[in-house]
Amino acid sequence: MPELPEVEVIRRDLVPRVEGRRISMVSITEPRLTRRRGTPAEVAAALLGHRVRALRRRGKYLFFDLGEESLVVRLGMTGQLLWGEGRSGFLPDEHTHAILSFEGGGRLAYRDIRKFGEMFLLPTVSAERTLRIGIEPLDRGFTPEALQRACSGTRRIKTLLLDQSRIAGIGNIYADEALFRAGIRPTRRASSLGHQEVRRLHTAIRRVLQAGIRHRGSSISDYRDACGRPGRFVALHRVYQRHGKPCLACGAPVRRILLGQRGTHYCPTCQR
DNA sequence: AGTACGCCCTGGCCGC
DNA sequence: TGCGGCCAGGGCGTAC
């Protein structure tokens, strides 16, 4: 499941390969992919012949800036962006829903088993506003005070961390891992957190996301980088999908509960 | 407005 | 060995 670190790894893999390059051929074969805006044919026609000026990330979204418009890609649960050149790289299969070919060689495939992901065009200047993306947790603007402001209302802190319109890019894995590192129980009401707890959570969020990027992401099921390689961060997960196993800090069994329909993992001793 | 929940989708796993 | 049924969950639409 690609969250901020996984999407950032893919972006960094792709920047030297696609920036400045012109799209010479487009094939979009899955209508669901463009469901938010336009048909596959319309999106394909709009992409053709355009140069990728920049490849940006905001939260879990990627923006291929083409000038007036940007191609927005959201990977959902099982989406992959795979780069191939010549005979090396990906082999298209029944889950490959789009392929962009670039002038001078190189192809970018969009592959997505469960089809939760999307690909569509938005005007570059208003794209971020349209998508209502919250604050970027690795930017300077994400201060303890900004997190404190987001911690209003009666919702549980984990539910808030998953709200992309508040804080962008945190998904189920990094929410659980950040809360463990901050020593905060996922079921706590966000507004009940004290100043010290907010500061700890702020630090934990940044550290866990940076560690995720450094270890090239968490490959729980289908995540692969742009070259088809898995990430290594799973080995460093402390609670996510470790239920029943001893907590790495205190030895108590890690617990798993359901919170907002999502599997939620925490240590009942270390997290209060 | 703020919160809760069902739905989309497919592969993998479980039990019989 | 085969197969039905359930589970994983990001984000959106709908309901309260």
Side-chain angles (χ1 to χ4, degrees), chain A residues 1-8 10 28-38 40 57-63 72-81 92-98 110-120 122 127-137 149-179 186-193 209 212 217-224 230-231 234 237 239-244 254-266:
Chain A
M1 43 216 74
E3 305 181 21
L4 186 154
E6 290 76 25
V7 178
E8 179 62 20
I10 292 172
I28 304 175
T29 48
E30 170 56 59
R32 259 191 75 77
L33 199 51
T34 62
R35 62 193 177 278
R36 175 128 42 155
R37 211 161 172 269
R57 179 193 59 75
R58 272 286 275 125
K60 302 174 191 172
Y61 288 93
L62 282 174
F63 297 89
V72 182
V73 178
R74 186 177 66 78
L75 298 169
M77 290 288 294
T78 54
Q80 301 170 336
L81 280 172
D93 63 5
E94 73 268 35
H95 302 301
T96 307
H97 305 313
Y110 180 80
R111 183 173 183 270
D112 189 352
I113 292 173
R114 283 157 74 178
K115 304 178 188 172
F116 281 8
E118 303 181 88
M119 185 181 279
F120 52 93
L122 283 177
E128 291 188 22
R129 228 177 313 137
T130 303
L131 297 169
R132 298 219 314 268
I133 309 173
I135 192 162
E136 193 65 35
R149 278 194 296 278
C151 284
S152 61
T154 59
R155 348 164 60 175
R156 299 176 192 279
I157 183 61
K158 173 163 175 188
T159 311
L160 182 126
L161 292 182
L162 294 177
D163 183 345
Q164 301 301 301
S165 69
R166 297 290 199 112
I167 304 163
I170 301 175
N172 209 37
I173 297 173
Y174 293 94
D176 283 3
E177 292 297 318
L179 286 165
T187 49
R188 287 275 299 279
R189 302 285 168 184
S191 54
S192 79
L193 299 191
L209 293 175
S218 300
S219 292
I220 284 292
S221 53
D222 299 276
Y223 169 73
R224 294 293 183 274
V234 183
H237 288 179
V239 285
Y240 189 79
Q241 291 199 346
R242 289 196 66 250
H243 43 293
V254 171
R255 199 172 280 176
R256 182 180 187 277
I257 58 168
L258 269 183
L259 207 153
Q261 322 288 79
R262 304 264 147 84
T264 296
H265 314 75
Y266 70 97

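Bear in mind that the values here come from a model prediction, so they are computed numbers and not experimental data. Naming convention: chains lettered A, B, ... in sequence-line order (proteins, then strands); numbering from 1 in each chain.
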> Taking any heavy-atom pair under 4.0 Å as a contact, classify A:Gln164: base, sugar-phosphate, or nothing.
sugar-phosphate
> When you match A:Asn172 and A:Glu118 each to their closest nucleotide on DNA chain C, which lands nearer the 5' end?
A:Asn172
> From the options A:Leu131, A:Leu122, A:Val72, select the one residue that forms a side-chain contact (heavy atoms from CB on, under 4.5 Å) with A:Arg36.
A:Leu131
> In Å and rounded to the nearest 0.5 Å, what is the CZ to CZ distance from A:Phe120 to A:Arg74?
7.5 Å
> Please classify the nucleic acid contact of A:Gly117 as base, sugar-phosphate, or nothing, using heavy-atom distances under 4.0 Å.
nothing
> Provide the start and end nucleotides, 5' to 3', of the part of DNA chain C that has atoms under 4.0 Å from heavy atoms of chain A.
C:dA8 to C:dC12
> Nearest 0.5 Å, please: how far is CD in A:Glu6 from CZ in A:Arg57?
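Between atom CZ of A:Arg57 and atom CD of A:Glu6 there are 10.5 Å.
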> So, is the end of the A:Arg58 side chain (NZ or CZ) under 6.0 Å from the ring centre of A:Tyr61 and within 45° of the ring's axis?
no
> Looking across every strand, which nucleic acid part, if any, lies under 4.0 Å from A:Arg256 by heavy atom: base, sugar-phosphate, or nothing?
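Result for A:Arg256 = sugar-phosphate.
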> Given A:Asp163 and A:Arg155, is the salt bridge (charged side-chain N to carboxylate O under 4.0 Å, His left out) satisfied, shown in steps?
CA-CA 11 Å; A:Asp163 183 345; A:Arg155 348 164 60 175; 2.8 Å; yes
> Can you name the salt bridge (Lys or Arg N to Asp or Glu O under 4.0 Å) partners of A:Arg256, sequence neighbours left out?
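Residues passing salt bridge (Lys or Arg N to Asp or Glu O under 4.0 Å) with A:Arg256: none at all.
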> Under the rule for side-chain contact (heavy atoms from CB on, under 4.5 Å), what residues qualify as partners of A:Ala175, not counting sequence neighbours?
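Scan of A:Ala175 (side-chain contact (heavy atoms from CB on, under 4.5 Å), adjacent residues dropped) gives A:Lys158, A:Leu161, A:Leu162, A:Ile170.
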> Looking only at side-chain N and O atoms, does A:Asp176 offer a donor or acceptor that is under 3.5 Å from a partner on A:His265?
yes
> Relative to each other, are the rings of A:Tyr110 and A:His97 parallel, tilted or perpendicular (30° and 60° limits)?
tilted
> Describe, as an angle rounded to 10 degrees, how the axis at the first end of the helix from B:dG2-C:dC16 to B:dC16-C:dG2 is tilted relative to the axis at the last end, five pairs per end.
50°
> Please encode protein proximity along nucleotides 3-11 of chain B as a string of B, S and -, counting only heavy-atom distances under 4.0 Å.
S-SS-BBBS
> ring-ring contact (aromatic ring centres under 6.0 Å, His included) with A:Tyr266: which residues, sequence neighbours excluded?
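Here no residue qualifies.
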> Looking at OH of A:Tyr174 and CG of A:Leu179, how far apart are the two atoms once the value is rounded to the nearest 0.5 Å?
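The CG atom of A:Leu179 is 14.5 Å from OH of A:Tyr174, to the nearest 0.5 Å.
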> For A:Tyr174, answer base if it contacts any base atom (sugar-phosphate contacts may also be present), sugar-phosphate if it contacts only those atoms, and nothing otherwise; contact means non-hydrogen atoms under 4.0 Å.
nothing
